[in-house]
Amino acid sequence: MDDLRELYQTTILDHNKRPRNFRRIEDGARQADGHNPVCGDKLTVYVAVDDAGRIADVAFEGEGCAISTASASLMTEYVKGRTLAEVEAAFTGFHDLVTGPPGGASPDAVDALGKLAVFAGVREFPMRVKCATLCWHTLNAALANQRETARTE
């Protein structure tokens with residue numbers, strides 16, 4: 001169990017120090033701003049959807065805690081190339097993972113999330129759940145093409 005916890009911590013620290021897809025997308029990308037007023041995390045998510053309804057590109061900018069930055073980095077890696085329906089299912093699965101009871105998510109659901117499963121322990125820290133889910137709420141707002149700020153209050 002300690003080896004597993006160490007792997008999780010290593011993954012989160014790596015994505016915090018070297019976030020993937022940390023950039024702006026200029027050409028016609030949808031975007032939304034997210035803000036967690038409790039801890040000050042702020043980010044902008046950019047997403048480009050192709051004609052087939054797949055995420056062609058996704059990126060983020062902003063600043064936040066290690067959980068927030070790592071979650072955004074891992075989310076962008078996960079959703080790139082997926083359909084909008086797959087992204088919606090991933091959002092639900094991720095949300096259930098970080099808010100549900102321990103062991104509440106089926107092993108298949110956890111496996112489907114891949115590296116995102118490293119956030120399973122966040123559910124033990126309710127204030128951190130908002131840090132982990134901010135990027136997902138902001139991605140949903142960008143996909144809905146809303147220019148409003150996504151908040152996790």
- Show your working on side-chain contact (heavy atoms from CB on, under 4.5 Å) between His137 and Leu139 and close with a plain yes or no. CA-CA 5 Å; His137 290 289; Leu139 174 64; over 6 Å; no
- Message: Between Phe60 and Tyr46 (judged by ring centroids, cut-off 6.0 Å), do the two rings come close enough to count as a pair?
- Response: no
- Message: Is it true that, when you exclude Asp50 itself, more than 12 heavy atoms of the residues, nucleotides or ligands shown sit nearer than 6.0 Å to its CG?
- Response: yes
If you take all heavy atoms of [X] and [Y], which pair is closest and at what distance?
X	Y	value
Leu43	Ala72	CD2-CB, 4.4 Å
Ile55	Val79	CB-O, 3.5 Å
Phe94	Thr133	CE2-CG2, 4.1 Å
Leu143	Arg30	O-NH1, 2.6 Å
Ala132	Phe119	CB-CD2, 4.4 Å
Ala29	Ala48	CB-N, 4.4 Å

Indicate yes or no: at least one non-hydrogen side-chain atom of [X] is less than 4.5 angstrom from one of [Y].
X	Y	answer
Cys39	Cys131	yes
Leu97	Val110	yes
Arg128	Cys65	yes
His35	Asp41	no
Arg20	His15	yes
Arg54	Lys80	no
Asp33	Thr138	no
Trp136	Val45	no

Output yes when a side-chain donor or acceptor of [X] lies under 3.5 Å from a complementary backbone atom of [Y], and no otherwise.
X	Y	result
Thr69	Ala66	no
Ser68	Gly64	no
Glu86	Thr83	yes

- Message: For the residue pair Asn36 / Lys42, report whether a side-chain donor-acceptor contact shorter than 3.5 Å exists.
- Response: no
- Salt bridge or not for Asp14 and Lys115, using N-O below 4.0 Å? no
- Message: Between Arg123 and Asp96, does the salt bridge (Lys or Arg N to Asp or Glu O under 4.0 Å) criterion hold? Intermediate values first, please.
- Response: CA-CA 9 Å; Arg123 79 171 69 83; Asp96 291 348; over 6 Å; no
- Roughly how far apart are Leu74 CG and Ile12 CD1, rounded to 0.5 Å? 8.0 Å
- Query: CZ/Phe91 to NE2/His95 distance, rounded to the nearest 0.5 angstrom?
  - Reply: 5.0 Å
- Item | side-chain contact (heavy atoms from CB on, under 4.5 Å) between Lys130 and Val122, intermediate numbers included | CA-CA 9 Å; Lys130 294 175 182 185; Val122 169; over 6 Å; no
